[in-house]
Amino acid sequence: MHPLQHVRRAAAPLGLAAWSALAAGGAQAQDAAPLPSVIVTAARGTRLQDLDVSTTVLRREQIEQAPETSVEQIVNRIPGVFALNQPSGQLHPTSQVFSIRGFGTTTNVNTLLMVDGVPANDPFFRTIDWRQIPKEAIERIEVIRGGGASSLWGNLAMGGIVNIVTREPRPGERRVSLSAGSFGAWSADAGLTLLATDTLRLGLLAGASGSDGYAQTPEAYRNPRMAPTASRSDDLQLSAVFTPSPGARYDAKLSAHRARESSLVWDLTRNAWNSYKLSAGGSWRLAAPGSSLNANAWLGRSEMDTTNAGQVPAYSNAAPAAAVPYVSQIEAAKYRHAGGSVFLQTRLGAVSDLKIGVDARRIAADDDLSLYGPGAQTAAIVARGEHRFLGVFAQGTWRPLDEAPLDVTIGLRQDLWQARDAGVNGSLISNGSSLSNPVPDTSAQRFNPRLGLKYLVGEHWALRAAAYRNFAAPGMNQMYRSFVSGSSYTAASPTLRPQTNVGQEIGWDFQRPGLSVSFTAYDNRLDGFIDFAPLCTTAATCNPLIAGTGLAAGSVTRVNQYVNAGRARLRGAELLGRWQATPNLAVDGGVSRTSATLTSSDYTTPAATPPDPVGKQLGQVPPWTANLGLQWQALPGLTLSLQGKAFPPYWNNTAHTQRNDGAALLDVGLSWTPHPGLTLWASVQNLGDRRYFDQGLTVTTIEGSTVATSSIPALGQPRTLSAGLRQQF
C-alpha cells in the first residue's frame, strides 16, 4: 500500500478544534498524533482518509471542550458552515438558517442533516430543530462539504451533509451533566446503561433544558407587547445494540422530543414541536473479504403547533409602539414519515469500496390553519399531501494502475420524486363558501452521477477533484402551505419544480507532523433556484390577490409565494488548517469565500415590486467567513479554549430589502478535571458583547435598494455566561 494511504487527509479541515491529542481526563498531549481510522456514516461506510472531498470530523472530547453550549453554535463554528447567531430556542422553528457553501437558507434548505445516518431535517418544513440533539449525547460530528456524497444520499445533499453520531451505551456507564447560565438558562442530562452483556447493551438518555431568553428586538424598534422568548426542551431516548456474533451488529433507538417557545417576539405567540421516532439498523459481514450487507429503517411522527401574531396598524419601525397585536393564525401541522435503505458494500476485482443499494422515503402531512382578523376568525385552511422518494445508487473506487497512487471514484444514482394530492386542499371561508386550491399530482426523475479523483504526490501532498450532479425537491410546506404572519400572507405554490445542480471542485491537502493545510475551490450551477418572492407590497396592490380568502381588505400589505426564480451560480474557495504549535497548544481555523448570485431570472414579480436582482449576492449567504480556534492544555487536567468567527454585512433576502450586520465574535471556555470522572467547565460566548442585527434591517438606501421598514429586526446572542459539570459514576 502506498504510504500516503495512511495520511489522514481529513485532519486538515478540522477547523473547529481539529486536534484529538489532548485527552479529556487530563493526560499529557501527544505531538501530532495521527487520527485513528474513522468509518464515516455520512459516506455510507467509507474510511475518512479515502474520501476525495473536503471533510471535518469533531470528536466527543472536542465537542465537550467547545465554549458553545448548543449544537447549532458548535456546528456554526466549523469553517464553511453557517447558521444564525441566535440560539435555536429564540427562533421560530421555521427560521433556522443552515448552510454549507451557500446552499441553505430559511426559504431554501439544501443541506442535509442526519442523526445516526437518518435524515433529521424536518419532513414537512425541511428546517432543523437542533434542540432534539443535546450536546452531551454526541459522540462525533461528521461534515462532508459540497455534493460529493449526493450520489449516495440524493435529495437535500446539494450543499453537503452533517451527520451527528450519538453516544452508544457502554458497560457500567452512569453519567450526569448539569449547567446554568445567563438569561435563566439551564440544562440537565443523564445517561445510564441499563444492561450490558457480551452481546446486548441497553441504554437510556434523558435531558431537559430551558431559558428565559434575551430581548431580541432592539429597544428603538420595540413595542410594549414584545417580550423575550422563553423556551423549554425535553428529550428521552432508549437505545439497544445487539452483536450476536463478530460478523453481525444490530441497533435500535426509540426517541421522543418536545420543544416549547413562548413570547416569540410578541407576548401572545406560542410554538410547540413534538416528534417521536423509531429507527433500527443492521450490518452483516459476508463471506467475501471486506463485504457486508447494511440496512436501516425508521418511522416517525411529528406535530408543530404555532400561534402567530398580526398587528393593527401594521408594524413599522418608524412607530413601533403604534401596533396592537392580535392572534392572526393558529396552526397544527401533523406529519408522518417513514423510510429506509439497504446496500451491499464489497470489492469487485479492481473496484474497491463498491456500494450498490436502494433507499426510499414517504412523508404524509395534514396542515390545519385557522386565520383571524383583529376581531374574529376569517378562514380555515386545510392542506394535505404526500411526498415520495425512491433512489437507486452504485458507487465504487478504482485504481487504474497498481503502481500509480491515483484513485477514481464513480457514483451513479437515479432518483424519483412524487408529490401527491390527498384530495383536501383549500380554504373554508367563514361565510360558508370555499376556495379551491388543488395541488396536482406531479413527479420528476433525475439521473445524478459523480466522478471523483484523488492522487497522492510524494510523502505530504494529495490532489483531489470531484464533479457531480444532484437535485433537491421542493418542500411540502412550500407547495401546500398557506399562512399569515403579521400583515403578510404566503400563498401555496403547487407548481414548484425540483432544483438541479451541476457542481465541480478541486483541491489539495498537505500534511506533515504538526501541520496540515487543505484548500478547495468549487463551482456550482443551480437551475430552478427556489426563492421567497413578494407578489405585492402595499394594501392596495394586495387586495385583489387576497379576494376570496376571507382576509379583510387592507389587512394584508404583502403577499408572498415560493417560486422557481431562475438560475444561480454558487462558487468560492476554502482554506483550512491546523497547527500543533507545541504538544499542549493547537491552533486551527479557516477562511471561506462564497459568491452566490442569480445569473438569470425566470420569474418577474408584478410591476409594484422589483424582481430578484441578477448578479447580486443571494440572501442569507455572507460573502466570506473566517474562523479561528485555539486550545491550550495549561496544566494536566486544565484546558483553555477559544473560538472566533467573523463575517461581513450581508443581505437577509435575495430581493435586497433586508440587511444583516457583520460581526466578529469570540467565545472562550475553560475545562478542569480535578480527578477522573469529574469535569467542571465554564464559558463565555460573545465575550465582547457585540450588538448587531442577526436578522434585521438598516434604514437607509444601500446599493440602490430601499430597505424595508416593516420588518422587526433581531439581535444576535449577547454576552452569555455558562458553567456546569459532568460526572461519571
Side-chain angles (χ1 to χ4, degrees), residues 63 66-77 82-98 106 109 113 115 120-122 125 127-138 164 177-189 206-217 226-236 255-275 302-309 485 665 667 683-686 693-696 712-724:
I63 295 166
E68 297 74 32
T69 57
S70 59
V71 178
E72 81 278 3
Q73 294 306 315
I74 293 174
V75 173
N76 191 23
R77 299 307 190 264
F82 188 79
L84 294 176
N85 292 287
Q86 301 169 65
S88 58
Q90 298 265 159
L91 290 164
H92 192 281
T94 62
S95 298
Q96 304 283 352
V97 174
F98 173 47
T106 55
V109 178
L113 176 73
V115 177
N121 298 65
D122 184 82
F125 295 94
T127 186
I128 296 167
D129 183 3
W130 294 98
R131 291 165 292 179
Q132 67 183 301
I133 317 163
K135 177 179 177 180
E136 300 297 329
I138 299 175
I164 297 178
S177 303
L178 302 171
S179 74
S182 303
F183 311 109
W186 61 272
S187 70
D189 294 273
S209 61
S211 173
D212 296 335
Y214 66 90
Q216 293 169 275
T217 308
M226 292 178 177
T229 301
S231 62
R232 169 74 185 261
S233 178
D234 299 279
D235 296 275
L236 186 66
S255 59
H257 168 69
R258 185 181 72 169
R260 298 289 185 270
E261 293 176 334
S262 61
S263 302
L264 192 68
V265 181
W266 297 100
D267 59 9
L268 48 71
T269 56
R270 300 288 186 273
N271 288 304
W273 204 349
N274 300 325
S275 60
S302 302
E303 180 174 354
M304 184 186 294
D305 298 322
T306 298
T307 300
N308 286 340
S485 179
L665 306 174
D667 306 331
S683 70
V684 183
Q685 294 177 246
N686 192 0
F693 290 156
D694 197 39
Q695 286 178 306
I712 301 175
L715 293 171
Q717 182 176 4
R719 181 165 52 222
T720 303
L721 285 69
S722 304

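Quick caveat: nothing in here was measured; it's all calculated off a predicted structure. One is the number of the first residue; the rest follow in order along the sequence.
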S.K.: Without swapping roles, check the side chain of Y214 against the backbone of S182 for a donor-acceptor pair under 3.5 Å.
M.R.: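 Absent.
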S.K.: For F125, which residues count as a ring-ring contact (aromatic ring centres under 6.0 Å, His included) partner, sequence neighbours excluded?
M.R.: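 Here no residue qualifies.
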S.K.: Sub-3.5 Å donor-acceptor pair from the side chain of N76 to the main-chain atoms of A83, do we have one?
M.R.: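 Between the backbone of A83 and the side chain of N76 there is a qualifying donor-acceptor contact (under 3.5 Å).
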S.K.: Under a 3.5 Å threshold, yes or no: a donor from one side chain and an acceptor from the other, between Q96 and E72?
M.R.: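 Per modelled atom types, Q96 and E72 side chains form no pair under 3.5 Å.
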S.K.: Is the backbone N or O of S209 less than 3.5 Å from a side-chain atom of S187, with the two atoms forming a donor-acceptor pair by type?
M.R.: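 Checking the backbone N and O of S209 against the side chain of S187, no donor-acceptor pair under 3.5 Å is found.
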S.K.: Quick one: closest heavy-atom pair of E261 and G89, and the distance?
M.R.: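 Of all heavy-atom pairs spanning E261 and G89, the closest is OE2-O, 3.1 Å.
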S.K.: Would you say the side-chain atoms of D235 pair up with the backbone N or O of H257, donor to acceptor, closer than 3.5 Å?
M.R.: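 It does not hold such a pair.
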S.K.: Say you draw a straight line from OG of S95 to CG of L264; how long is it, rounded to the nearest 0.5 Å?
M.R.: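 One gets 7.5 Å once the value is rounded to the nearest 0.5 Å.
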S.K.: Please evaluate residues I63 and K135 with respect to the criterion side-chain contact (heavy atoms from CB on, under 4.5 Å), reporting the C-alpha separation (whole Å), side-chain torsions for both, the decisive distance (0.1 Å), and the verdict.
M.R.: CA-CA 8 Å; I63 295 166; K135 177 179 177 180; 4.1 Å; yes
S.K.: Could you state the interatomic distance from OG (S70) to CD (Q86), rounded to the nearest 0.5 Å?
M.R.: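 Answer rounded to 0.5 Å: 12.0 Å.
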S.K.: Examine the side chains of T94 and T127 and answer whether a donor and an acceptor come within less than 3.5 Å of each other.
M.R.: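 No pair is found: no donor N or O on one side chain lies under 3.5 Å from an acceptor on the other.
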S.K.: If I take atom OG1 from residue T229 and atom CH2 from residue W266, how far apart are they, to the nearest 0.5 angstrom?
M.R.: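 Going from OG1 on T229 over to CH2 on W266, the span is 12.5 Å.
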S.K.: Within the distance-only criterion (no hydrogens, no angle test), does the side chain of Q73 pair as donor or acceptor with the backbone N or O of L84 below 3.5 angstrom?
M.R.: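 Yes: the side chain of Q73 pairs with the backbone of L84.
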S.K.: Look only at the side chain of D667 and the backbone of E68, and say whether a donor-acceptor pair between them is shorter than 3.5 Å.
M.R.: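 Flag not set: sc D667 to bb E68 has no pair under 3.5 Å.
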S.K.: Heavy atoms only: give me the nearest R270-S262 pair and the separation to one decimal.
M.R.: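 It is CD-CB, 3.8 Å.
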S.K.: If you round to the nearest 0.5 Å, how far is CZ of R232 from CH2 of W186?
M.R.: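 Nearest 0.5 Å value for the CH2-CZ distance: 4.0 Å.
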S.K.: Might you point out which heavy atoms bring A259 and N274 nearest each other, and give the distance in Å?
M.R.: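 For A259 versus N274, the nearest heavy atoms are N-OD1, 4.5 Å.
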S.K.: What I'd like to find out is whether the side chain of R719 reaches to under 4.5 Å of the side chain of V684, using heavy atoms alone.
M.R.: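 R719 reaches V684 side chain to side chain.
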S.K.: Do I164 and W130 make a side-chain contact, defined as non-hydrogen atoms from C-beta onward lying under 4.5 Å apart?
M.R.: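 Yes, close enough: below the 4.5 Å cut-off.
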S.K.: With heavy-atom distances below 4.5 Å as the criterion, would you say the side chains of L113 and I133 are in contact?
M.R.: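 In contact.
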S.K.: Considering only heavy atoms from C-beta outward, does the side chain of N271 approach that of M304 to under 4.5 Å?
M.R.: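 No, side chains not in contact.
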S.K.: Going by heavy atoms in the side chains, are T269 and H92 under 4.5 Å from each other?
M.R.: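 With C-beta onward as the side chain, the pair stays apart.
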S.K.: Report the distance from atom CG of D234 to atom CZ of R131, rounding to the nearest 0.5 Å.
M.R.: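 D234 CG to R131 CZ: 11.0 Å, rounded to 0.5 Å.
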S.K.: Taking all non-hydrogen atoms of both residues, which atom of D189 and which atom of P134 are closest, and how far apart?
M.R.: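 Scanning both residues, the minimum pair turns out to be OD1-CB, 3.6 Å.
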S.K.: I'd like to know if the side chain of T720 reaches the main chain of Q685, judged simply by a donor and an acceptor atom lying under 3.5 Å from each other, with no hydrogens or angles considered.
M.R.: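 No; judged by distance alone, with no hydrogens or angles, the pair does not exist.
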S.K.: Do you know the tightest heavy-atom contact between I74 and A66?
M.R.: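 Shortest heavy-atom contact: CG1-CB, 4.3 Å.
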S.K.: Is any side-chain heavy atom of D129 closer than 4.5 Å to one of D122?
M.R.: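 SC-SC contact between D122 and D129 ruled out.
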S.K.: Can you give me the closest heavy-atom contact between A188 and L178, atom names plus distance?
M.R.: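 Distance-wise, the nearest heavy atoms are CB-CD2, 3.7 Å.
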S.K.: Atom CD of E303 and atom OG of S275: how far apart are they, to the nearest 0.5 Å?
M.R.: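 If we round to the nearest 0.5 Å, E303:CD and S275:OG are 11.0 Å apart.
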S.K.: A side-chain contact here means heavy atoms from C-beta on lying under 4.5 Å apart; do Q695 and L91 qualify?
M.R.: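 SC-SC contact between Q695 and L91 confirmed.
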